[in-house]
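Following: one structure in structure tokens, then a few remarks.
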Number of protein chains: 2
Amino acid sequence: MQKEKVCSKKKCFSPEVIKRLSLYLRDLKNLQEQEVEVISSDEITKMLDISSAQFRKDLSYFGEFGKRGVGYEVSFLIRELEKILGIYRWWDIALVGVGRLGSALLGFSGFPQFKLRITAAFDNDRKKIGKAISGVEVKSLEEMPAVIKKGGIEIGMICVPPQFAQSIAERMVGAGIKSILNFAPVSIKLPAEGIYIANVDMACELQTLVYFLNRRH
Amino acid sequence: MQKEKVCSKKKCFSPEVIKRLSLYLRDLKNLQEQEVEVISSDEITKMLDISSAQFRKDLSYFGEFGKRGVGYEVSFLIRELEKILGIYRWWDIALVGVGRLGSALLGFSGFPQFKLRITAAFDNDRKKIGKAISGVEVKSLEEMPAVIKKGGIEIGMICVPPQFAQSIAERMVGAGIKSILNFAPVSIKLPAEGIYIANVDMACELQTLVYFLNRRH
DNA sequence: GTTTAATTGTTACATTATTCACAATCTATT
DNA sequence: AATAGATTGTGAATAATGTAACAATTAAAC
């Protein structure tokens with residue numbers, strides 16, 4: 001969506017490539033559950049709407065993972081993608097805003113599979129503080145910096161109403177958060193260099209649907 | 001993310017352009033609340049991380065909306081963007097899967113502003129059927145086709161566990177749904193031509209964050 | 001062992017998207 | 001009414017991305 005691009009000294013890949021890799025990984029894991037052992041670029045991309053050439057090209061940036069004339073060994077490719085994407089240890093997440101969406105995310109079962117876990121949740125609503133939601137105790141916002149620092153948490157999730165999002169982002173980054181997934185429907189000005197922020201705005205997604213609905217002939 | 005592209009006989013714009021327009025609209029509405037009356041491409045794009053040239057070019061695909069030497073009148077540009085995006089009437093949405101995420105979406109306050117409203121919700125859990133969540137009565141899945149047809153609903157939201165998503169999508173399209181916002185972390189094979197599907201996969205978004213976390217120097 | 005059918009990895013090409021740069025235009029000032 | 005400063009709209013230049021084509025490789029069939 002945005003032109004966000006984060007580089008290191010090494011080769012720099014666009015978020016688009018990385019997002020596709022993570023889609024491949026997701027689907028490969030599903031295939032593994034169905035006990036598929038080998039798959040061709042053609043077959044796997046039939047599910048996604050991506051060309052097989054795109055798939056092979058995406059992988060080629062990182063190495064050679066298939067066998068010509070045969071295809072890709074599912075379990076091997078999963079391991080390699082996990083290495084590329086950094087899924088070699090657990091990644092802790094701090095969530096702020098335990099409203100309906102925040103609670104839903106706390107209970108989302110899709111995270112552990114990718115070694116992602118929300119280990120801390122914060123809110124400023126007295127009624128919520130102290131309660132546990134999906135096994136995570138809700139703490140007061142004042143405790144956030146200390147908890148983030150102590151836990152070495154690097155990923156933050158913002159689920160607060162839009163008017164508070166900017167200030168929460170700044171406090172997160174001040175506490176040591178290095179990347180943010182923002183669900184508040186508002187643009188956040190990055191408070192420091194080298195912080196990666198991704199936005200999920202459901203209303204924007206829906207509006208795009210509406211546009212194309214209107215355009216169908 | 002995907003290479004999804006929907007064209008009509010008229011000029012065809014990529015979903016990327018449309019998504020940016022809808023971001024502009026969102027931020028313009030915020031500016032309007034702050035009583036900003038005129039804004040330049042430079043100022044508005046400072047918030048987003050998009051270049052001012054990109055902003056002007058995006059608009060130029062659809063017409064001329066600014067005044068040289070001056071900038072853009074906020075209220076006028078809002079009206080024009082609403083026209084372009086199709087926000088001239090209410091758009092009804094059918095939601096399937098009233099779990100935590102589904103419930104959160106039913107209560108999401110960001111939709112009405114863009115004339116989007118969830119008017120029907122479905123689940124197959126007896127305990128949920130009949131209850132009202134955020135003012136919407138949960139109905140059984142069996143009733144879905146009739147309700148969608150009767151209401152002329154064209155937008156569907158899938159919030160069910162991944163293993164059910166494909167079949168729900170097919171039943172939605174069978175009932176007349178023309179575009180789908182899918183929250184299930186699984187690839188959906190489009191059951192018919194001309195159906196637009198957008199995917200929101202939070203685990204994928206987070207994995208992209210993790211990748212860039214790992215790469216920082 | 002040779003042939004055949006399949007499928008990768010990669011180069012060259014085509015397309016799409018973004019940025020640049022500046023003429024055109026507007027407002028305010030003198 | 002002429003000038004200066006601001007800012008748009010846009011064609012041309014550049015960069016990024018995606019596609020197509022095919023040589024290289026593999027495994028299986030004969």
Side-chain angles (χ1 to χ4, degrees), chain A residues 1-7 11-24 28 31 36-78 80-81 84 208, chain B residues 1-7 11-24 28 31 36-78 80-81 84 208:
Chain A
M1 189 174 304
Q2 272 92 334
K3 190 209 47 179
E4 47 204 352
K5 187 160 297 180
V6 182
C7 302
K11 250 190 192 162
C12 164
F13 304 104
S14 79
E16 297 310 307
V17 173
I18 306 303
K19 239 173 232 170
R20 281 196 301 268
L21 291 187
S22 115
L23 279 177
Y24 304 152
L28 284 164
L31 287 167
V36 176
E37 290 182 354
V38 173
I39 194 154
S40 68
S41 59
D42 230 45
E43 284 174 89
I44 194 172
T45 53
K46 255 187 269 168
M47 311 200 277
L48 304 154
D49 66 329
I50 292 174
S51 74
S52 66
Q54 176 90 77
F55 176 84
R56 296 197 301 275
K57 185 128 208 236
D58 285 342
L59 292 182
S60 79
Y61 296 134
F62 299 91
E64 300 192 8
F65 307 106
K67 205 179 267 181
R68 294 175 190 217
V70 182
Y72 301 86
E73 203 203 315
V74 174
S75 66
F76 173 72
L77 188 50
I78 287 175
E80 291 300 313
L81 284 173
I84 294 166
T208 309
Chain B
M1 190 174 306
Q2 273 91 334
K3 190 209 49 178
E4 47 204 352
K5 187 159 295 181
V6 182
C7 301
K11 252 192 194 161
C12 165
F13 304 105
S14 78
E16 297 310 307
V17 173
I18 306 303
K19 240 172 233 173
R20 282 197 301 268
L21 291 186
S22 115
L23 279 178
Y24 304 152
L28 284 164
L31 287 166
V36 176
E37 291 183 353
V38 172
I39 194 155
S40 68
S41 59
D42 232 43
E43 285 174 90
I44 194 172
T45 53
K46 255 185 270 168
M47 312 199 275
L48 304 154
D49 67 328
I50 292 174
S51 74
S52 65
Q54 176 90 76
F55 176 85
R56 295 197 301 275
K57 184 131 246 203
D58 284 341
L59 292 182
S60 79
Y61 297 133
F62 299 91
E64 300 192 7
F65 307 106
K67 205 179 268 183
R68 296 178 187 211
V70 183
Y72 300 86
E73 204 203 314
V74 173
S75 66
F76 174 72
L77 188 51
I78 287 175
E80 292 299 314
L81 284 174
I84 294 167
T208 309

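All values below come from the heavy atoms of this structure, side chains included, with hydrogens, waters and symmetry mates left out. Just so we're on the same page: letters track the sequence lines, and every chain starts at 1.
To the nearest angstrom, P of C:dA17 lies 14 Å from CD1 of B:I50. The nearest whole Å value for the distance from the CD atom in B:Q54 to the P atom in D:dT8 is 15 Å. Per the geometry, CG belonging to A:D58 stands 10 Å off P belonging to D:dT19, to the nearest Å. If you measure from atom CG of A:L59 to atom C1' of C:dG9, you get 10 Å, rounded to the nearest angstrom. Between the CZ atom of B:R20 and the C1' atom of C:dT16 there is a distance of 12 Å, given to the nearest Å. The interatomic distance linking A:E73 (CD) with D:dT26 (P) rounds to 15 Å, in whole Å. Rounding to whole angstrom units, CZ of residue B:F55 and P of C:dT19 are separated by 15 Å. Between the NZ atom of A:K57 and the C1' atom of C:dT8 there is a distance of 15 Å, rounded to whole Å.
Checked against side chain to side chain donor-acceptor pair (under 3.5 Å), A:S41 has the following partners two or more places apart in sequence or in another chain: A:R56. Judged as a side chain to side chain donor-acceptor pair (under 3.5 Å), and not counting sequence neighbours, the contacts of B:S40 are B:E43. Checked against ring pair (Phe, Tyr, Trp, His ring centres under 6.0 Å), A:Y24 has the following partners two or more places apart in sequence or in another chain: A:F55. A:S22 meets the side chain to side chain contact (heavy atoms under 4.5 Å, CB included) test with A:L85, B:C204, B:Q207; sequence neighbours excluded. With sequence neighbours left out, B:S60 forms a side chain to side chain donor-acceptor pair (under 3.5 Å) with no residue at all. Considering only residues two or more places apart in sequence or on other chains, B:F76 meets the ring pair (Phe, Tyr, Trp, His ring centres under 6.0 Å) condition with none of them.
Contacts between residues 36-46 of chain A and DNA chain C, defined by a heavy-atom separation below 4.0 Å, involve A:S40, A:S41, listed by number.
A close approach under 4.0 Å does not occur between any side-chain nitrogen or oxygen of A:S14 and OP1 or OP2 of D:dA16. In this structure, A:Y72 does not reach the D:dT26 phosphate: none of its side-chain N or O atoms is under 4.0 Å from OP1 or OP2. Of the side-chain N and O atoms in B:R56, none sit less than 4.0 angstrom from OP1 or OP2 of C:dT18. For B:S51 and C:dT19, the shortest distance from a side-chain N or O to OP1 or OP2 is below 4.0 Å.
Under the salt bridge (Lys or Arg N to Asp or Glu O under 4.0 Å) criterion, no residue pair touches residues 59-68 of chain A, with sequence neighbours excluded.
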(request) Let me have a per-nucleotide readout for nucleotides 25-30 of chain C, 5' to 3', with B, S or -, counting only protein heavy atoms under 4.0 Å. (result) BBS---

(message) Between A:L59 and A:Y72, does the side chain to side chain contact (heavy atoms under 4.5 Å, CB included) criterion hold? Intermediate values first, please.
(response) CA-CA 11 Å; A:L59 292 182; A:Y72 301 86; 3.6 Å; yes

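A 4.5 Å side-chain heavy-atom check between B:Y61 and B:I84 finds every atom pair outside the cut-off.
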